[in-house]
Trainee: 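Here's a structure for you.
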Amino acid sequence: MATFFGEVLPVFSRAVDEEDEEDQEIRRELEGRREITIQWSSESRTSTEGTAELSFPCSTFLIAVGQNAVGFLNSFVQCSGSWEVIGAVTLWNERVKGTDTFNQQFPSDSSCLLYRLTSNPMILTCHCSCYVAEDQLFQWTEKVFGNIQKRNLDVIVLSSCSVTEYKSPRSISNISVPFLRALKTSAFQETPHCALLEQPNVISGLPAAVLSYCQVQQIPAVLYQCYSDVTTIDSMTIEAFRPLLACKSLISFVKDTSRSAEILKQLVDTSKIQSNLYT
C-alpha cells in the first residue's frame with residue numbers, strides 16, 4: 001500500500017492469515033487420519049510380557065498383498081494347522097475408508113490382519129487386501145517390522161498384478177498366463193521357485209516397499225509376483241502360487257492341503273456372490 005508521502009507499507013490481510021491457519025489445520029487433520037495404527041490382541045501382548053516392548057520372535061514372515069495372494073494363504077497355507085489372529089493394521093486413504101467400529105477385538109473391515117501359527121509361534125502371516133497409499137508405505141513397513149524380531153528372519157512376499165504390466169523383448173504369447181516371477185534381496189541365498197523378474201520390469205506399491213526395507217535391513221526376502229489376465233479373485237491365479245509350497249520354510253509347517261480345493265472354491269464362490277449386482 002502506498003501512502004501520500006510515497007512510502008510503500010506492507011499490508012497483511014487477516015482473511016488470508018485465517019485461511020492459511022484453516023488450511024494448515026485441515027492438512028494436520030488429514031495427516032492424522034492417514035496415520036497407520038496396529039492393534040494387538042490381548043493374547044499376543046501376554047505372550048510377549050517380559051520384553052521391553054512388543055516384539056514377536058519370527059523365523060518366517062509371509063506377507064500376502066492383494067486378494068489372490070491372500071486367497072493362496074487361506075487355501076493352501078493356513079488350511080494346515082491352527083492359526084490365531086494376533087493383530088490388525090488399520091489405515092485410511094482415498095481408497096480405504098476404514099472404520100471406527102470394533103467387532104470384539106478387531107475392526108470388521110480391518111485393512112490387514114496378522115496371524116500366528118499356534119503350534120509354531122515363530123511363523124507369522126499378514127493378509128493385506130487393501131490399497132496402501134504411496135505416502136503410507138514407509139509407515140507401514142516401519143510399524144509392522146518394528147514389532148518383529150529381525151534376527152534369523154526370512155520374509156516371503158506374495159502379490160499379483162495384470163499381465164499388461166509385464167514387459168518383455170519377446171512375445172509373451174508363448175507364455176502360459178498366469179505365471180510367476182521372483183525378485184529377491186541380496187541376503188536371500190536360496191534359489192527362487194520361478195524365473196527372476198527380467199529388466200526393465202519394476203515392482204511398485206507395498207511389495208516394493210517391503211522388499212526395499214528388507215534390502216536396507218539385510219533381511220533375506222523374496223517377492224513372488226504373479227502376472228495374471230484376471231484382476232479379481234481367481235482360482236487359476238491363486239493356483240499359480242502352488243509351486244511355492246516347495247519352499248524350504250513352507251515345507252516345515254504346511255503338512256496337509258487336503259482341504260485346499262474346498263476352501264478355494266468357497267472363496268471364489270463368495271467373491272462371485274459379493275460382486276453380483278442383483279444379490
Side-chain angles (χ1 to χ4, degrees), residues 58-81 83 112-117 119-120 122-129 148 152-163 165-166 175-198 201 203 205-211 213-215 219-231 233-265 267-268:
C58 183
S59 60
T60 300
F61 188 26
L62 285 150
I63 302 174
V65 182
Q67 288 183 321
N68 286 304
V70 170
F72 173 73
L73 286 191
N74 282 325
S75 303
F76 292 94
V77 176
Q78 294 188 202
C79 65
S80 181
W83 297 76
C112 309
L113 287 177
L114 294 155
Y115 292 83
R116 177 171 59 188
L117 182 60
S119 60
N120 184 355
M122 299 284 283
I123 308 296
L124 303 179
T125 65
C126 177
H127 296 195
C128 186
S129 301
I148 295 173
N152 299 322
L153 170 66
D154 288 321
V155 176
I156 300 175
V157 186
L158 310 177
S159 181
S160 63
C161 67
S162 172
V163 71
E165 297 182 26
Y166 182 73
I175 303 177
S176 178
V177 179
F179 60 90
L180 290 176
R181 288 293 183 268
L183 199 59
K184 62 187 184 72
T185 63
S186 56
F188 186 83
Q189 299 300 317
E190 296 180 35
T191 302
H193 290 265
C194 67
L196 291 173
L197 185 65
E198 309 91 335
N201 291 287
I203 301 295
L206 186 58
V210 171
L211 212 62
Y213 178 91
C214 292
Q215 176 67 22
I219 299 171
V222 59
L223 163 67
Y224 290 103
Q225 179 90 330
C226 180
Y227 290 90
S228 174
D229 53 0
V230 180
T231 55
I233 190 166
D234 169 63
S235 58
M236 288 186 63
T237 304
I238 293 173
E239 291 265 6
F241 288 105
R242 285 194 70 170
L244 309 187
L245 294 175
C247 290
K248 182 180 177 181
S249 52
L250 268 67
I251 288 176
S252 64
F253 67 90
V254 180
K255 304 295 184 182
D256 182 14
T257 58
S258 58
R259 294 186 59 243
S260 295
E262 177 190 346
I263 297 172
L264 178 57
K265 185 178 184 303
L267 287 174
V268 174

Trainee: Within the structure provided, determine whether Y227 and L197 are in side-chain contact (heavy-atom separation under 4.5 Å).
Mentor: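 Answer yes - side chains close enough.
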
Trainee: Where the side chain of T185 meets the backbone of I219, is there a donor-acceptor pair that is under 3.5 Å apart?
Mentor: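 Yes, the answer is positive, given that a donor and an acceptor are paired below the 3.5 Å cut-off.
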
Trainee: Quick one: SG on C126 to CD1 on I148, what's the gap to the nearest 0.5 Å?
Mentor: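 Atom-to-atom, C126:SG and I148:CD1 are 8.0 Å apart.
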
Trainee: List for me each residue that meets side-chain hydrogen bond (donor to acceptor under 3.5 Å, both in side chains) alongside D234, sequence neighbours excluded, and say none if there are none.
Mentor: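 With neighbours one apart ignored, the set is T237.
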
Trainee: Rounded to the nearest 0.5 Å, what separation is found between the CG atom of L264 and the OG1 atom of T257?
Mentor: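 Going from CG on L264 over to OG1 on T257, the span is 12.0 Å.
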
Trainee: Please round to the nearest 0.5 Å and tell me the distance separating atom CD of Q67 and atom CG of N74.
Mentor: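 CG of N74 is found 11.5 Å from CD of Q67.
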
Trainee: Do the non-hydrogen side-chain atoms of R181 and N201 ever get within less than 4.5 Å of each other?
Mentor: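 No - every pair of side-chain heavy atoms lies 4.5 Å or more apart.
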
Trainee: Is any side-chain heavy atom of C79 closer than 4.5 Å to a side-chain heavy atom of D256?
Mentor: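 In short, these two side chains do not touch, never coming nearer than 4.5 Å.
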
Trainee: What are the two closest non-hydrogen atoms of W83 and G81, and how far apart are they?
Mentor: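 Closest heavy-atom pair between W83 and G81: CD1-O, 3.7 Å.
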
Trainee: With distance as the sole test, does S159 use its side chain to make a donor-acceptor pair with the main-chain N or O of Q225 at under 3.5 Å?
Mentor: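 Side chain of S159 to backbone of Q225: no pair is present.
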
Trainee: Counting N and O atoms only, with roles assigned by atom type, does the side chain of T125 sit under 3.5 Å from a partner on the main chain of L62, one being a donor and the other an acceptor?
Mentor: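 Judged by distance alone, no pair lies under 3.5 Å.
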
Trainee: Just wondering, do F72 and V70 contact through their side chains at under 4.5 Å, heavy atoms?
Mentor: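 Not in contact.
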
Trainee: Mind checking whether V210 and V155 have side chains closer than 4.5 Å, heavy atoms only?
Mentor: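 They are in side-chain contact.
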
Trainee: Should I233 and I238 count as side-chain neighbours, where that means a heavy-atom distance under 4.5 Å?
Mentor: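 Yes, their side chains come closer than 4.5 Å.
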
Trainee: Which distance, rounded to the nearest 0.5 Å, do you find between the CD1 of I123 and the SG of C58?
Mentor: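 If I round to the nearest 0.5 Å, the distance is 7.0 Å.
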
Trainee: When you measure from the side chain of Y224 to the backbone N and O of H193, does any donor-acceptor pair fall under 3.5 Å?
Mentor: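 Indeed, once roles are kept as given, a pair shorter than 3.5 Å links the two residues.
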
Trainee: Is there a side-chain contact between F61 and L153 (heavy atoms, below 4.5 Å)?
Mentor: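 The answer is yes, as the side chains (C-beta and beyond) meet within the 4.5 Å cut-off.
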
Trainee: So do the side chains of N68 and S228 get within less than 4.5 Å of each other, counting heavy atoms only?
Mentor: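 No - every pair of side-chain heavy atoms lies 4.5 Å or more apart.
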
Trainee: Taking atom CD of Q78 and atom CZ of R259, what is their separation to the nearest 0.5 Å?
Mentor: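 If I round to the nearest 0.5 Å, the distance is 12.5 Å.
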
Trainee: What are the two closest non-hydrogen atoms of I203 and P207, and how far apart are they?
Mentor: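 Closest approach of I203 to P207, heavy atoms only: CG2-CB, 4.0 Å.
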
Trainee: Rounded to the nearest 0.5 Å, how far apart are OG of S160 and CG of L180?
Mentor: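 If I round to the nearest 0.5 Å, the distance is 10.0 Å.
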
Trainee: Walk me through whether V230 and M236 qualify under side-chain contact (heavy atoms from CB on, under 4.5 Å).
Mentor: CA-CA 9 Å; V230 180; M236 288 186 63; over 6 Å; no

Trainee: Output a table of donor-acceptor pairs, distance under 3.5 Å, between side-chain atoms of residues 241-253 and any protein atom two or more places apart or on a different chain; print 'none' if there are none.
Mentor:
unit_1, atom_1, unit_2, atom_2, d
R242, NH1, E239, OE1, 3.4
S252, OG, S249, O, 2.7

